[in-house]
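Proteins come first, then strands; the chains are lettered A, B, ... in the order of their sequence lines, and each starts at number 1.
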Amino acid sequence: MKKQLQLIVFGSLLGFSIVHAQENAGLVLPAGFKAQLFAENIGQARHIAITQSGVMFAKLNYPNKKGQSIIRLEDKDKDGLAENITGWANYGGTGIYIRGDNLYASSDDAVYQYKLDANDEVLNASAPNTIIQGLLSRRQHASKSITLDPKGNIYVNIGAYSNACQEKDRTPGSKGMMPCPILDSAGGVWKFDGLKTNQTYVDGKRYATGLRNVIGLDWNTTSNSLFVTQHGRDQLNSFFPALYTNEQNAELPGETMYEVKEGDDCGWPYIYYDPIQKKKIVSPEYGGDGKKEGGNNALDPIVAFPAHMAPMSLLFYKGDQFPAKYKDGAFIAFHGSWNRAPLPQEGYFVAFIPFKGGKPSGDWEIFANGFSGLPADTKVANPRNAKARPCGLAESADGALYVSDDSKGAIFKITFNK
Amino acid sequence: MRKKLVVCLLLLVGVHFAQAQNGIIGEKVYKTKCLVCHQADGGGVPNLNAPLDGATNVVGNDIARLVKIIRYGYNERVALDGYYYSNAMTPNPALTTTEIAAVLNYIRNSWSNKAPSVTIAQVQKLLKKK
């Protein structure tokens, strides 16, 4: 703060004007909420996690110029801005999770575990425990998201390296493979022991299958079950123009949230969820025509959001800082779409859905908007024009909500004042 | 003299007509086959679909590589101007040589891009080579 003031004084002395910090860091929020920039330009910040004492760790998609991909951010003077920023770990990735003094981080093919000391400083930066290794990573949907249950099991998303399990991926006229061979080692969520080292596929269990790519997942302590958000398939109109118009493709399939128990199947690639007909529809690669229903054994989603918005994080809010309606509800960070083109894009916001007793108790709504930096009523036309793209979510012990941006690496801090 | 002028004029009109035609075909191919991933502004999608606007390779001289990418698709995940893109690009087995030349000229001369024209004959030769 002091530094900022000095800068402003210095700036006006020199006769150039400093652009004033935007109100609420440019975000549009419900009444009573405030946002500020906790950090900026830290690199493509994917998931974030926060310790009991409020130290944040962000996982970068690529290591920064200093060769760091786990960034530690601390707001020592409690002014809401991280001023103490350090880092380590020379591998890109997405997942990060904190349980006690264990910090978990994922690359695209492994999960590592670090120890934190009493000041939340890392003890074994260069010698982490390898918890899981050898996970499939084939470019598409390669990022690994992680969460733990109260018993200490770790859940890892292994995304399918494919759009719809065609013989030739994203190739017009190529048939869907039956059965889809990808599902034995990807396209689902796997469960491992959170403390055992050097686990591989044989030590884990395919917990849920038929999930094309899950980036957001969180354990719900009320229902005592895992919830996941799936990225639905792309390009129905590109490959099946006789069955789907551009307008239909922009709305199909829904981005879905599932509550998954061990052994569940969510249906990919054989079906997709149509949020308008509210039905599971056979994929055209598997003989579907946009109407034929399928997936009798596949789960129904618990919530369906508009298509292609790309849910990146799911967080059940446990705090008391926000009004009562938010308690136990789910926040979802939507990266923002690309496959709605040529129609305007959607997403680029954080949504909220209230929960009671472990089940949604109302409709979803936009909670925080304006990440794109465009005027409130302007939709993103081209993804590269979005200033920020919401990716990670974390809640601090005092109930503040943090949102990371993986375009340039801003971290937004959202608080509520009665 | 007069005759020559007329021939010249005709030629000029002809060339312009061909170019305009090329432009229309190129734009049509782009809109139906490429826009969904590379977007209307050629900006692509960060980390997912490579940008064409401002891309060194797109305005570069390696036409053989560009023709190959458009015909056979692309899924190499190599650094393009320093960034990686994880999606798999769709092959276009049904595009004619005329359409490939047209869409190449379209992406090489749209947005901020400016590059010499690629001819249909050039594309034909490169596709035969494969």
Quiz prompt | Spacing of A:D406 atom CG and A:N61 atom CG [to the nearest 0.5 Å] | solution = 6.5 Å
Self-check item: Residue B:D62 excluded, over 12 heavy atoms near CG under 6.0 Å
Solution: yes
Self-check item: When A:R138, A:R389, A:Q235, A:Q140 are compared by non-hydrogen pairs under 4.5 Å with chain B, the top option
Solution: A:Q140
Quiz item: Can you say whether A:N237 sits under 4.5 Å from chain B via the side chain, the backbone, both, or neither, judging by heavy atoms?
Solution: neither
Quiz prompt | More than 12 heavy atoms from other groups under 6.0 Å of OH on B:Y84 | solution = no
Quiz item: Is A:D109 paired with A:K144 through a side-chain N to carboxylate O contact shorter than 4.0 Å?
Solution: no
Self-check item: Pairing of A:K408 and A:E40 as salt bridge, 4.0 angstrom limit
Solution: no
Quiz item: So which of B:G73, B:A94, B:P93, B:P46 has the biggest tally of heavy-atom pairs under 4.5 Å with chain A?
Solution: B:P46
Quiz prompt | Contact winner vs chain B - A:A341, A:P383, A:A386, heavy-atom pairs under 4.5 Å | solution = A:P383
Quiz item: Would A:D234 and A:R170 pass as an ion pair if we require N to O under 4.0 Å?
Solution: yes
Quiz item: According to the interplanar angle, ranging from 0 to 90°, do the rings of B:Y30 and B:Y106 count as parallel (below 30°), tilted (30 to 60°) or perpendicular (above 60°)?
Solution: tilted
Exercise. Between chain A and each of B:V45, B:L48, B:N87, count heavy-atom pairs under 4.5 Å; write down the option with the most.
Key: B:N87
Quiz item: Is chain B contacted by the side chain of A:Y161, its backbone, both, or neither, given a heavy-atom distance below 4.5 Å?
Solution: neither
Quiz item: Checking heavy atoms, do the side chain of B:N92, its backbone, both or neither come under 4.5 Å from chain A?
Solution: neither
Quiz item: What pair of heavy atoms forms the shortest contact from A:W268 to A:C165, and how long is it?
Solution: CZ2-N, 3.7 Å
Quiz item: Do any of residues 242-254 of chain A have a heavy atom less than 4.5 Å from a heavy atom of chain B, and if so, which, in residue order?
Solution: none
Quiz prompt | Sidechain-backbone polar pair: A:D405 side chain, A:I411 backbone, donor-acceptor under 3.5 Å | solution = no
